[in-house]
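The next block holds one structure in the form of structure tokens; read it before the comments.
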Amino acid sequence: MAVTSSPLPTLPAVPDPATERILAGGLLPELAYAFGGPFHFLLPEAFDANLRAMRDALDAAGVDGFVYFAKKANKAAVFVERAAAGGAGVDVASAPELREALGHGVRGEHLAVTGPAKDPALLHLAVQHGALIAVDSLDELDSLVAAALTGRARPARVLLRCLPGTQPHSRFGLDEHELDTALERCVRAGDSVRMEGFAFHLSGYALQPRADLAARLAELCLKARVQGLEASRISIGGGLPVSYTDADSWHTFLAGHHSRHYHAGKAFSTGDFYPYHSPVAGAAALAALLATRPAGRGEPLSEILRDAGVLLLLEPGRALLHQAGATVFRIQGVKERAGYRLLTVDGTSLSLSEQWFNSEYLPDPVLLPQEPDGPQGSYPASVGAATCLESDMLTWRKVDFRHRPRTGDLLVYPNTAGYQMDSNESPFHDLPLPPKVVVDRTDRPRPRWRLDRHFS
Ligand SMILES: *Cc1c(COP(=O)(O)O)cnc(C)c1O
């Protein structure tokens with residue numbers, strides 16, 4: 001068999017015992033047979049563990065904090081249920097997300113509402129339920145004051161979202177001048193608004209700019225209190241990084257990255273890839289952030305927050321979903337090309353949403369052959385969708401499989417719960433959306449499963 005001359009880079013997923021037990025057990029072929037199409041499986045125990053680890057990081061740094069799960073990262077109901085059960089809140093950005101969160105047990109006051117120029121119906125619901133609203137513009141603040149006045153029941157709880165100095169072209173947030181105006185309007189609004197503090201959400205994953213801006217927002221709280229406002233908390237948004245693969249594999253990949261490693265010589269620019277390896281990730285990145293000294297300050301962020309009496313809010317999406325699920329396709333056909341194979345699976349690339357970013361999801365898919373005892377070798381293959389679009393590829397990259405992929409084998413994309421599963425899914429070609437299967441008790445010989453209860 002012809003093999004490409006230089007070895008293909010591999011990007012093995014970081015080991016995860018729960019996922020590995022499920023891959024090794026017989027559950028996935030059974031479910032694939034039952035559903036007759038692709039599906040996602042969800043591991044809520046990983047979500048619980050990630051949430052606990054973030055809480056522990058806050059405790060260890062002596063910082064009062066509150067975690068909101070950023071719901072847009074996965075539509076499943078189970079993660080909202082686990083957030084509620086674990087005493088976390090949920091960050092929503094639409095009326096349907098808010099309804100889902102309430103309906104799955106999150107208390108209104110544990111909701112955070114973010115996003116630009118929010119739908120009036122969403123603002124109304126948020127005020128009625130006592131949710132915390134990150135105000136993105138002056139006219140939004142004005143509508144909120146109006147909504148709070150008409151509702152008469154409760155004041156609007158607001159944070160003012162800041163336009164970050166380091167990302168001046170962001171379309172989100174209030175600039176310095178608008179912030180001053182907003183503060184005056186909050187003072188004038190009296191009892192109809194509770195100005196609880198400030199918020200930001202930065203693109204990228206660097207810690208220093210987050211520490212700098214958090215310290216700046218803590219200072220803004222102190223100033224706002226002088227104006228008689230509550231200003232008791234700041235939200236640092238999301239963006240805790242996730243590490244999908246080990247440092248060596250990632251750096252080898254980046255160094256050797258070449259279009260001949262892809263079907264049709266496809267060229268991706270390296271800068272568009274998610275950073276699939278991070279030296280510190282998840283709760284460890286939160287701990288590192290709290291230990292970071294903001295520019296011009298001698299003390300770490302944790303101390304600044306404590307001294308200012310500021311509650312730290314965070315809205316992680318991806319980092320709470322690390323290892324909380326995977327996506328399973330069945331190989332529907334195998335075709336030979338020069339030096340590699342083209343696999344066609346029974347779903348579409350819309351179930352792996354990285355395509356939004358001129359990029360693809362890089363962690364190696366795992367082949368579950370029907371005949372695991374077959375001969376081993378080097379079997380490079382790219383993965384296409386069961387659709388009529390040339391560009392509908394799940395993996396352009398030639399993945400070096402150890403077994404020869406055959407029709408009927410399963411292909412599992414690991415660690416897809418954060419954003420990959422359902423951000424883009426649509427019933428293209430009238431194909432049904434892949435169901436989500438919640439799997440728990442993964443430490444037992446027979447884990448339990450059920451369908452997720454998301455209904456919107
Ligand atoms: C998307 C988003 C988040 C979550 O970001 P992650 O990178 O998934 O942690 C949090 N807050 C806001 C305002 C967002 O838009």
Side-chain angles (χ1 to χ4, degrees), residues 68 70-72 89-98 101 108-109 111-151 154-204 209-210 212-214 216-221 223-225 227-239 313-315 317:
Y68 296 89
K71 191 179 181 317
K72 72 170 184 285
V90 172
D91 167 30
V92 300
S94 69
E97 281 189 345
L98 183 144
E109 64 264 39
L111 292 173
V113 183
T114 57
K118 297 171 216 31
D119 176 3
L122 171 61
L123 290 178
H124 177 74
L125 281 174
V127 173
Q128 287 296 326
H129 289 281
L132 184 60
I133 303 158
V135 168
D136 194 63
S137 67
L138 289 173
D139 54 1
E140 191 169 75
L141 183 61
D142 296 340
S143 344
L144 262 179
V145 173
L149 289 176
T150 6
R154 314 177 77 157
R157 298 176 55 213
V158 307
L159 299 177
L160 300 177
R161 180 162 171 175
C162 304
L163 173 70
T166 50
Q167 295 178 357
H169 300 297
S170 168
R171 66 189 182 94
F172 300 102
L174 301 150
D175 67 22
E176 297 277 323
H177 181 68
E178 288 168 325
L179 271 183
D180 287 340
T181 311
L183 287 167
E184 283 163 24
R185 290 189 192 173
C186 288
V187 172
R188 258 192 282 131
D191 288 344
S192 57
V193 163
R194 254 174 72 180
M195 205 300 281
E196 297 194 9
F198 299 90
F200 68 80
H201 171 70
L202 288 176
S203 316
R210 287 183 164 76
D212 295 350
L213 198 46
R216 162 114 186 86
L217 265 48
E219 274 171 23
L220 287 179
C221 282
K223 282 200 195 142
R225 288 180 201 163
Q227 292 175 266
L229 298 167
E230 175 178 323
S232 58
R233 58 203 67 200
I234 64 169
S235 171
I236 58 168
L313 313 180
L314 48 151
E315 301 154 5

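Scope of the values below: all heavy atoms of this structure, side chains included, with no hydrogens, waters or symmetry mates.
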Short question: side chain of [X], backbone of [Y] - any donor-acceptor pair under 3.5 Å?
| X | Y | answer |
| --- | --- | --- |
| Arg161 | Asp136 | no |
| Glu315 | Ser235 | no |
| Arg210 | Leu202 | yes |
| Lys71 | Leu98 | no |

Q: Begin with the C-alpha distance, continue with both residues' side-chain angles, and end with the deciding distance and a verdict on side chain to side chain contact (heavy atoms under 4.5 Å, CB included) for Leu220 and Leu160.
A: CA-CA 11 Å; Leu220 287 179; Leu160 300 177; over 6 Å; no
Which atoms form the tightest heavy-atom contact between [X] and [Y], and what is the distance?
| X | Y | answer |
| --- | --- | --- |
| His201 | Gly239 | CE1-N, 4.3 Å |
| Ala134 | Thr114 | CB-CG2, 3.9 Å |
| Glu230 | Glu196 | OE2-CG, 3.9 Å |
| Ala214 | Ile234 | O-CD1, 3.5 Å |
| Phe198 | Leu159 | N-CD2, 3.9 Å |
| Leu179 | Cys162 | CD1-SG, 3.8 Å |

From [X] [atom1] over to [Y] [atom2], what is the distance, rounded to the nearest 0.5 angstrom?
| X | Y | atom1 | atom2 | answer |
| --- | --- | --- | --- | --- |
| Leu123 | Ile133 | CG | CD1 | 6.0 Å |
| Asp142 | Ser137 | CG | OG | 8.5 Å |
| Met195 | Arg225 | CE | CZ | 9.5 Å |
| Thr166 | Leu213 | OG1 | CG | 6.5 Å |
| Gln227 | Asp180 | CD | CG | 8.0 Å |
| Ile236 | Phe200 | CD1 | CZ | 5.5 Å |

**Q.** Under-4.0 Å salt bridge between Lys72 and Glu97
**A.**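 No, Lys72 and Glu97 are not salt-bridged.
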Q. Would Val145 and Arg185 satisfy side chain to side chain contact (heavy atoms under 4.5 Å, CB included), going step by step from the backbone distance to the final call?
A. CA-CA 9 Å; Val145 173; Arg185 290 189 192 173; over 6 Å; no
Q: Check the pair Glu178, Leu163 against side chain to side chain contact (heavy atoms under 4.5 Å, CB included), reporting the backbone distance first and the verdict last.
A: CA-CA 10 Å; Glu178 288 168 325; Leu163 173 70; over 6 Å; no
Q) Is any side-chain heavy atom of Leu183 closer than 4.5 Å to a side-chain heavy atom of Lys223? A) no
